[in-house]
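Okay, structure first, notes after.
One-based numbering, in listed order, for ligands and for the atoms of each.
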Amino acid sequence: MTIRRDVSLRPFNSFGLEAKSRFFVALEHPDDLLHLMQQDVWHEPRMVLGGGSNVLFAGDFDGLILHNRLQGRELLHQDAESVVLRVASGENWHCLVQDCVEQGWSGLENLALIPGSVGAAPMQNIGAYGAELQDCCQSVSVCFFRDGGHAELSREQCRFGYRDSIFKHELKDKCLITAVTLRLHRRFQPNLRYAALQQHLQAGRQPTLREVFDAVVTIRQSKLPDPAVLGNAGSFFKNPVIAADQAEQLRAQFPGIPLFVQAGQHKVPAAWLIEQCGWKGKRLGAVGAYEKQPLVLVNYGGASGAELLELAGRIRRSVYERFGIVLEPEVNIIGGKLAEV
Ligand code: NAP
């Protein structure tokens, strides 16, 4: 394990932003963390970086970056109905989904092509097309920063919610997620709740697991830019959840507003709000709101984190002025913050 200094983070963030970390270490084995805890550098401000697909570096990071490269999968159990698979947190999420589909194990197919690492999935209980990580997650293994102790958190202990978990609250910055244990199905039951998915599949017969996976990949590729071509971090803002009375007022004022009811609250697609404010496809210098999906902010090349923050702040203000809704970033902003609305 080597502790490097003044490392460029450009290869490690999908926005492709230039920023430096004062200290940087690649974690390739769970014991690396225990060794690191014995060193002076451990007392620096710390940050865990996985796939770098949900982070905006608005400036340099004056501390220690722990780059999670833990790899490995273990089949813990299998029977006629299900398989239980433990996956190290540094594995790539989409590769895992793809491999499971190839094995005929279902449950993750609606979550295809979500960028990032396996360890990032429980943080925000990733979800797409009516499926969420928590549907298949059996437990999450962690190593605590305070003493290097390990724990296995059950799904209930993870307190999963809508793009939410204990890792964003009580356990924020307190532990490294080292592995995720998933229970997947051998009998395929498609989850076609979302119209976008149904439209891509042949009506009148049940699709195969592979067909559902391919449909999700096709939909996402048609709307989302490839970070290898155009720097981005997926959805920049969360889809806001608002109270029923605010939804009623908005429906009266904007009859076309799309609203989805969830546990008595209403979800509004952030992309729709942003598009209504005229941002779709709009460019400010080297940054812009993507032409096919304005919730995705992009770096057209050579942009700074500050420029992206400025764009995000302007979008946020205009959505607030028009709809009275404050968009909250889904992306983690490091070394800066969004202007208040
Ligand atoms: P989309 O499919 O256009 O959906 C936009 C919004 O409408 C989302 O909030 C979605 O809820 C909601 N929605 C659409 N159809 C719905 C239905 N039948 N029932 C309930 N809610 C419905 O969104 P998109 O931006 O193109 O993204 C595609 C999918 O990937 C969405 O499910 C989105 O949430 C997901 N996604 C997840 C992450 C993440 O986990 N970090 C990041 C980017 C996109 P949901 O958010 O509950 O799906």
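- Between His67 and Phe24, the ring planes are tilted. Angles from 30° to 60° get that label.
- For Arg22, the CZ atom is densely surrounded, since the number of other residues' heavy atoms within 6.0 Å is greater than 12.
- Remark: aromatic rings of His94 and Phe213 are close, center separation under 6.0 Å.
- Near ligand 1, heavy-atom contacts under 4.0 Å come from Gln124, Ile126, Gly127, Ala128, Tyr129, Tyr162, Arg163, Arg193, Tyr194, Arg220, Lys223, Ser235, Asn239, Phe260, Lys267, Pro269, Gln293, Glu330.
- Here the side chain of Ser235 pairs no donor or acceptor atom with the backbone of Phe237 at under 3.5 angstrom.
- Of the N and O atoms on the side chains of Ser8 and Glu18, at least one donor lies less than 3.5 Å from an acceptor on the other residue.
- Using a 3.5 Å distance cut-off with no hydrogens or angles, the side chains of Thr181 and Gln138 do not pair a donor with an acceptor.
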